[in-house]
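Along the sequence shown, the residues carry numbers beginning at 1. Keep in mind that the numbers below use all heavy atoms, side chains included, and drop hydrogens, waters and symmetry copies.
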Amino acid sequence: MSKASNDKRITVGLLWHSLSSSNFGVGALTESQLAICESAARRVGVELEYVVFGTSGDRSYVPAGLRIRQGASIPLRQLLSGRTPFQRQLSECDLVLDIGEGDSFTDIYGVRRFLSLTTSKAAVLLKGIPLALSPQTIGPFNKAWTRTLASLVMRGCKTVIARDGQSAAYLKKLGIKKNVAEFVDVAFRLPFERPAPRNDGKVHIGLNVSGLLFSGGYEGSNQFGLTLDYPKLIRTLLETWTADANNVVWLISHVVPDNWPKDDDRIAVEALLKEFPQARRAPDFRSPSEAKSFISGMDFVTAARMHACIAAFSASVPVVPLAYSRKFNGLFETLGYPWFADGKAMTTEQALERIQDGFARRDELSRGLVDGNQVAARRLADYEALVCGLLEDVVQRRAGGLPAVRPADSRSSA
């Protein structure tokens, strides 16, 4: 549909989002972004159509009732030609929101991934389409040339939004100041349905096992530089918790790629179930919302997948995240929640003590969740207001008003 065919309909490109990814973290960001955009559209009085560009998987959890198309793939080698299907479909968009899969706008995952994230942004800017980087972890960019290229692209964006204080500080260090805002991870807005209470007198513990950390990272050999022994930590927790007949331990998979065994939580879960048959395997989830709904029925959760942690946190379930990158530290510090185990600073014994202490003090953790969720709600309300402004600017441009999208205030919205 031509974007000029309906003055009330705006086409939004969702870059580096996915509604089919086997990584439910990426899916959670996308489902939540859609919920925020739809709320903003109702406030502005427009209808939205979406084109989703990003990693495709073998799942499908497209929300009903929305106008959503799967966009073309993003071919790195062909982008310089300027004539790819991706670039043609970009031309249909009035506005592009790029969430960078949450934490992929960095060079720590390799040059090819960095270039894919960066050149796709440049393609949007070259077409003169307003580009906003939605709340995400920014950086690090460890090489001089990646810092230069990333900074150049970000200076062309209408707004660059950090989802935590550490990313905001890093942007300032890079000299990106005029178009910067700090909000919070959009997955706090992920819809879910809380299951009915079990009333069985048991303590239900959700243990999300990261297949990625269990196998030593994509490259093995402790790729993420953990200071603890992750498999030993998980086995010790299982030994302790399953020995108590009052506990029911659920092993939860949150990243489930069929063709990437080192990143597949299910493989680690199946191996652990052979050693600890007393534990239970959580069901296979069809969507991020379904995963969050299950997690919301737990009495306590510990997880190394950040969006499993956010699912618990935002559903008011006491949680001790296990951090393996600064995206964890920055987010939970921003929320004023100190109950996380730092896998890049703690020993196995220290992390075990932190998790078990959190489990024993679940009531105290619950009180901390109240304040943290209030912070998240305020920040996402501010982000929704910013999206309203971006949509209003599209309407104004069509009506012959000011062409520029208003940049975000450089101050934190906390």
Side-chain angles (χ1 to χ4, degrees), residues 21-29 57 101-104 108-109 137 185 187 205-238 241 249-276 279-285 288 291-292 294-295 298 300-313 317 319-329 331-332 339-348 350-352 354-355 358-359:
S21 176
S22 56
N23 183 330
F24 287 140
V26 178
L29 293 171
E101 294 187 336
D103 69 342
S104 290
I108 66 173
Y109 296 119
T137 299
D185 194 295
I205 303 169
L207 176 57
N208 161 239
V209 182
S210 168
L212 184 60
L213 297 187
F214 207 80
S215 60
Y218 298 113
E219 301 169 0
S221 302
N222 192 20
Q223 178 185 356
F224 296 105
L226 298 184
T227 54
L228 51 76
D229 185 331
Y230 180 74
K232 181 180 178 180
L233 173 66
I234 295 300
R235 289 187 172 99
T236 306
L237 288 171
L238 283 168
W241 286 336
V249 183
W250 296 89
L251 298 180
I252 299 172
S253 300
H254 206 258
V255 175
V256 289
D258 289 334
N259 57 353
W260 206 341
K262 285 192 174 182
D263 200 24
D264 193 337
D265 296 354
R266 296 169 300 180
I267 292 177
V269 164
E270 291 300 330
L272 289 166
L273 282 172
K274 293 177 182 178
E275 299 178 47
F276 302 94
R280 299 185 186 181
R281 183 180 185 274
D284 292 329
F285 306 121
K292 181 175 180 178
F294 180 85
I295 288 170
M298 298 292 102
F300 176 80
V301 168
T302 187
R305 298 292 191 179
M306 194 171 82
H307 284 95
C309 298
I310 292 174
F313 194 110
V317 176
V319 57
V320 177
L322 177 65
Y324 68 91
S325 80
R326 71 172 171 85
K327 66 181 180 180
F328 284 81
N329 308 57
L331 174 66
F332 292 105
W339 285 101
F340 60 90
D342 191 338
K344 293 175 71 69
M346 291 181 172
T347 65
T348 306
Q350 289 170 332
L352 180 65
R354 175 62 59 86
I355 294 169
F359 175 69

Decide side chain to side chain donor-acceptor pair (under 3.5 Å) for Asn222 and Tyr230; before the verdict, give the C-alpha distance in whole Å, the side-chain angles of both, and the deciding distance to 0.1 Å.
-> CA-CA 10 Å; Asn222 192 20; Tyr230 180 74; over 6 Å; no
Find the distance between CG (Asp185) and OG1 (Thr137) and round it off to the nearest 0.5 Å.
->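 Those atoms lie 7.5 Å apart.
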Could you pull out the closest heavy-atom pair between [X] and [Y], with the gap in Å?
| X | Y | answer |
| --- | --- | --- |
| Pro321 | Cys309 | CB-SG, 3.4 Å |
| Thr302 | Val320 | OG1-O, 2.7 Å |
| Pro257 | Asp264 | O-OD2, 3.0 Å |
| Phe294 | Ala282 | CE2-CB, 3.7 Å |
| Val301 | Ala312 | CB-CB, 4.0 Å |
| Val269 | Ser253 | CG2-OG, 3.6 Å |

Test item: [X] and [Y] side chains (from C-beta on) under 4.5 Å apart, heavy atoms:
| X | Y | value |
| --- | --- | --- |
| Ile355 | Leu233 | yes |
| Leu331 | Ile310 | yes |
| Phe24 | His307 | no |
| Leu237 | Val249 | no |

Partners passing ring pair (Phe, Tyr, Trp, His ring centres under 6.0 Å) against Phe328 (at least two apart in sequence or in another chain) |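 Applying ring pair (Phe, Tyr, Trp, His ring centres under 6.0 Å) to Phe328 gives Tyr324.
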Mind checking what makes ring pair (Phe, Tyr, Trp, His ring centres under 6.0 Å) contact with Phe359, not counting sequence neighbours?
->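 With sequence neighbours excluded, Phe359 shows a ring pair (Phe, Tyr, Trp, His ring centres under 6.0 Å) to Trp241, Phe300, given in chain and number order.
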List in chain and number order the residues that pass side-chain hydrogen bond (donor to acceptor under 3.5 Å, both in side chains) with Asp284, two or more places apart in sequence or in another chain; answer none if no residue qualifies.
->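 Counting only residues at least two positions away or on another chain, Asp284 forms a side-chain hydrogen bond (donor to acceptor under 3.5 Å, both in side chains) with Arg281.
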Go through the structure and list residues passing side-chain hydrogen bond (donor to acceptor under 3.5 Å, both in side chains) with Arg235, not counting sequence neighbours.
->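 Scan of Arg235 (side-chain hydrogen bond (donor to acceptor under 3.5 Å, both in side chains), adjacent residues dropped) gives Glu275.
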Measure the acute angle between the ring planes of Phe313 and Phe332, then classify it against the limits of 30° and 60° as parallel, tilted or perpendicular.
->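 Ring orientation of Phe313 relative to Phe332: tilted.
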Can you sort out the partners of Asp258 under side chain to side chain contact (heavy atoms under 4.5 Å, CB included), two or more places apart, ordered by chain and number?
->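 Counting only residues at least two positions away or on another chain, Asp258 forms a side chain to side chain contact (heavy atoms under 4.5 Å, CB included) with Asp58, Arg59, Arg266.
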Would you sort out whether Leu251 and Leu238 count as a side-chain contact (heavy atoms from CB on, under 4.5 Å), showing the intermediate values?
-> CA-CA 10 Å; Leu251 298 180; Leu238 283 168; 3.9 Å; yes
Between Asp103 and Ile108, is a side-chain contact (heavy atoms from CB on, under 4.5 Å) present by the stated rule, with each step listed?
-> CA-CA 10 Å; Asp103 69 342; Ile108 66 173; over 6 Å; no
Under 3.5 Å: donor-acceptor pair, side chain of [X], backbone of [Y]:
| X | Y | answer |
| --- | --- | --- |
| Asp265 | His254 | yes |
| Lys344 | Ser325 | no |
| Thr227 | Met346 | yes |

Tell me, with the steps shown, if Arg354 and Trp339 meet side-chain contact (heavy atoms from CB on, under 4.5 Å).
-> CA-CA 8 Å; Arg354 175 62 59 86; Trp339 285 101; 3.7 Å; yes
Enumerate, atom names and distances included, each donor-acceptor pair closer than 3.5 Å involving a side-chain atom of residues 206-216, sequence neighbours excluded.
from, atom 1, to, atom 2, distance (Å)
Asn208, OD1, Ala304, N, 3.3
Asn208, OD1, Arg305, N, 3.0
Asn208, ND2, Ile252, O, 3.0
Ser210, OG, Leu212, N, 3.3
Ser210, OG, Leu213, N, 3.1
Ser215, OG, Gly211, O, 2.9
Ser215, OG, Leu212, O, 3.3
Ser215, OG, Lys262, O, 2.8

